[in-house]
Enquirer: 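Here it is: the structure, laid out below.
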Amino acid sequence: MKVSDYVIDSLAAQGVTHIFEICGGAISHLLDSLYGRTDITTVSMHHEMAAAIAAEGYARAGGNIGVAMATSGPGATNLITGIGSCYFDSVPCLFITGQVNTYEYKFKKPVRQIGFQETDIVSIVRPIVKESHLVDDEKAIRRVLEGSFDCARTGRPGPVLIDIPLNIQRAAVDVDGLEPFVKKGMGAGKRIPAATLKKIHAQIRSSERPVILAGGGVRASGACADLARFARATGIPVVSSLMGLDAFPHDDSLFSGMIGTYGNRYANLAVANADFILALGTRFDTRQTGTRPETFARGAKIVHVDIDSRELGNKIHAWIPVQSDIRQFLEAMNSHGGMNDPLPDFSGWRRRIGGYREKYPDYTRPDKPAIDPNSFFHTLSGQLPADSIVCVDVGQIQMWAAQSLAITETQRFLTEGGMASIGSALPMAIGASFAQPGKPIVAIAGDGGFQLNIQELQTLYHHQCPVKVIVLNNGGYGMIRQFQEQYLNCRFQSSGIGYSNPDFQAVVSAYKIPARKITRNDEIPAALQYLFSDMKPGFLEVVLDEDARVRPKLAVNRPVEDQEPLLDRKELRENMIVAMLPEPDTP
Ligand SMILES: Cc1ncc(C[n+]2csc(CCOP(=O)(O)OP(=O)(O)O)c2C)c(N)n1
Ligand SMILES: [Mg+2]
């Protein structure tokens with residue numbers, strides 16, 4: 001059998017249903033092996049960055065492992081942004097690149113290039129993949145493929161890249177004689193010591209102000225139901241990181257917002273005043289803790305659970321670090337005898353957080369006709385179809401969405417946390433639409449980010465994906481403007497100066513996608529109703545004032561409870577149970 005046929009057969013056998021790619025000479029045999037297949041759909045994108053992110057979206061949306069394919073050289077290097085995002089956000093994807101024939105590959109020769117478009121992608125991506133392989137012997141193909149699937153999916157998931165030279169793609173192999181992958185170090189997963197579980201249960205019982213912090217690891221390990229069970233049984237309020245935003249339903253009264261630099265003020269006040277934090281599958285990114293992690297949740301004993309032992313103790317000192325898959329941990333906690341012991345009544349603590357929320361809501365009803373972004377997301381929540389998958393780009397829009405979209409148990413919120421590439425929402429939505437056929441998908445981007453992968457409107461049109469694209473147009477790179485306003489004297493170099501937008505209505509219409517535009521708050525409900533009235537591609541441009549800002553926002557050196565606009569010190573003191581910190585040095 002031809003190796004390229006074997007590769008595609010193996011993907012199909014692993015349940016892969018879609019491959020996102022752009023063609024090129026160095027993957028011509030792999031593409032030829034896709035010709036006429038009905039078990040795998042080839043989705044031809046218009047930029048390899050978008051193909052990689054579509055694979056990422058496919059995997060994030062729960063559609064098995066994501067697969068993207070690109071030719072050698074520029075095709076391969078264009079994949080890098082998506083590869084890195086899968087690495088930082090723990091998304092299982094396989095990236096397959098074509099390479100020049102082994103007899104024209106330089107290997108260790110000290111020259112720049114021998115074959116046309118020859119580029120050592122395996123080395124280039126090494127810091128941002130779990131594994132990368134050059135298959136220079138056709139007999140290794142089975143071992144490499146099986147090993148790569150296992151690697152991408154198990155432990156902390158992530159990307160794997162396989163580079164296959166042309167002469168290997170077209171080589172013939174005896175499939176029965178191929179060497180299989182043998183997993184090393186297999187065995188039962190590490191058990192969490194009973195004494196640890198007991199100690200955690202006892203600490204919850206002696207705490208007064210416990211909080212669960214849900215990170216991306218909750219979803220990644222399939223533990224959402226276990227988390228809901230644990231939180232509801234104990235009555236402990238749940239806050240989330242950006243990546244954990246859809247790990248717990250926001251319409252549950254225990255949900256207490258997103259924490260961090262741009263987090264909800266009430267959520268930050270909850271962690272700042274907590275005396276116990278159960279942190280699940282989160283790496284305490286600076287966007288969560290502020291720039292001085294030692295000030296974060298300083299009144300709390302922190303139990304930090306993560307599958308990646310290298311994350312434990314990396315940013316935050318944990319009272320108890322637990323290396324475990326989140327699902328296994330929560331299953332163990334839920335079935336532990338400690339669950340039968342009576343728990344303290346945390347209702348006073350929950351009421352206190354509810355009080356913060358009332359005082360500092362994530363949006364207020366706008367008193368001007370201009371569209372208020374937080375209020376827009378609030379209205380959008382009310383009109384989103386029940387099982388929507390919302391894919392959110394990067395910029396101010398990401399933070400407004402995170403602050404004010406209320407995600408229910410059946411909805412998803414997909415966004416890039418670690419790589420945070422602008423231009424990711426549209427390809428992510430395309431990938432998600434193939435992973436979850438029949439579900440309504442929404443891609444939300446800013447005007448700047450939208451332009452990075454605007455060409456994928458053609459993919460949307462071509463496949464008639466049920467993706468509704470919403471662009472919040474504030475006439476520039478708002479997030480950067482906000483930074484320049486705060487720290488660089490409003491010198492809007494490149495975020496406003498030198499920036500311009502096309503007529504989005506005309507561009508989107510040229511892709512034969514119906515486009516609409518609104519400029520006033522009172523137009524929002526009808527526009528959304530129209531947008532969600534069918535399952536075809538659609539586009540809504542929401543015009544914002546240029547000076548719309550993300551509030552609250554944490555400035556450098558301040559603890560999370562002290563976001564801007566700064567509260568009067570007396571008011572902040574009244575909110576705090578844990579001792580306040582002295583005024584920081586401000587840059
Ligand atoms: C690929 C990439 N380039 C640059 C950035 C830096 N960046 C972060 S947010 C942002 C502005 C995004 O502008 P827009 O999409 O209009 O959203 P807004 O902030 O205005 O809501 C930029 C340029 C990035 N995150 N990713
Ligand atoms: Mg913008």
Side-chain angles (χ1 to χ4, degrees), residues 47-53 56 77-89 128 242-243 260-262 285-287 370-377 380 390-405 415-429 442-457 469-488 490-504 507-508 517-519 539-551 553:
H47 194 310
E48 288 88 356
M49 170 189 179
I53 297 175
E56 176 188 347
T77 55
N78 275 347
L79 293 173
I80 289 174
T81 306
I83 295 176
S85 180
C86 291
Y87 189 63
F88 300 136
D89 287 356
I128 51 166
L242 178 67
M243 298 319 296
T261 306
Y262 299 97
D285 178 68
T286 307
R287 282 274 187 104
I371 291 174
D372 170 74
N374 287 96
S375 159
F376 171 79
F377 282 107
L380 176 61
V390 186
C391 303
V392 180
D393 220 86
V394 174
Q396 290 180 309
I397 49 112
Q398 187 185 37
M399 296 305 142
W400 288 319
Q403 290 175 342
S404 295
L405 256 187
T415 200
E416 288 193 351
M419 181 59 93
S421 174
I422 59 171
S424 50
L426 178 54
M428 181 104 66
V442 186
I444 304 175
D447 50 303
F450 181 45
Q451 292 192 67
L452 260 77
N453 276 315
I454 200 165
Q455 75 286 345
E456 298 309 326
L457 288 172
V469 181
I470 301 178
V471 168
L472 272 66
N473 183 356
N474 56 2
Y477 294 122
M479 191 58 130
I480 310 303
R481 270 196 314 230
Q482 186 161 346
F483 182 87
Q484 290 165 328
E485 178 182 272
Q486 193 167 9
Y487 299 109
L488 296 165
C490 293
R491 289 149 66 97
F492 297 133
Q493 179 58 47
S494 304
S495 58
I497 296 168
Y499 176 91
S500 61
N501 280 331
D503 175 348
F504 288 123
V507 173
V508 176
K517 173 158 137 178
I518 55 172
T519 55
F539 178 80
L540 177 66
E541 179 180 354
V542 178
V543 179
L544 303 179
D545 271 355
E546 274 191 22
D547 55 10
R549 296 288 177 261
V550 185
R551 301 241 151 77
K553 176 184 176 179

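Whatever order the structure lists ligands and atoms in, that order sets their numbers, starting from 1. The structure displayed is predicted, hence computed values, not measured ones.
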Enquirer: Looking at Q482, R481, Q484, which one forms a side-chain hydrogen bond (donor to acceptor under 3.5 Å, both in side chains) with S495?
Expert: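 That would be Q484; it is the only one of Q482, R481, Q484 passing the side-chain hydrogen bond (donor to acceptor under 3.5 Å, both in side chains) with S495.
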Enquirer: Hey, which residues fall under 4.0 Å of ligand 1 on heavy atoms?
Expert: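 The answer is V394, G395, Q396, I397, A420, S421, I422, G446, D447, G448, G449, L452, N474, G476, Y477, G478, M479, I480, counting any residue whose heavy atom sits under 4.0 Å from ligand 1.
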Enquirer: Any non-hydrogen side-chain atom of D89 less than 4.5 Å from a side-chain atom of M243?
Expert: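 Sidechains of M243 and D89: in contact.
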Enquirer: Would you find a donor on one side and an acceptor on the other, under 3.5 Å apart, between the side chain of S424 and the backbone of S421?
Expert: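 Yes: the side chain of S424 pairs with the backbone of S421.
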Enquirer: Where the side chain of E456 meets the backbone of H47, is there a donor-acceptor pair that is under 3.5 Å apart?
Expert: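 Yes, because the side chain of E456 sits within donor-acceptor range (under 3.5 Å) of the backbone of H47.
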Enquirer: Would you check if the distance from the ring center of F450 to the ring center of F504 is below 6.0 Å?
Expert: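 Here the rings of F504 and F450 have centres that are less than 6.0 Å from each other.
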Enquirer: Is N474 close to D545 at the side-chain level, that is, under 4.5 Å between some pair of heavy atoms?
Expert: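 No, side chains not in contact.
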Enquirer: Please check if the side chain of W400 supplies one atom and the backbone of G395 the other of a donor-acceptor pair under 3.5 Å.
Expert: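 It does not hold such a pair.
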Enquirer: Can you see which heavy atom on V392 is nearest to which on T415, and at what distance?
Expert: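 Minimum heavy-atom contact is O-OG1, 2.6 Å.
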Enquirer: Using a strict cut-off of 2.8 Å, how many protein N/O/S atoms surround the Mg ion (ligand 2)?
Expert: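 Number of qualifying protein atoms: 3.
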Enquirer: Closer than 3.5 angstrom, by distance alone: can the side chain of Q403 be matched with the main-chain N or O of Y262 as a donor-acceptor pair?
Expert: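 Between the backbone of Y262 and the side chain of Q403 there is a qualifying donor-acceptor contact (under 3.5 Å).
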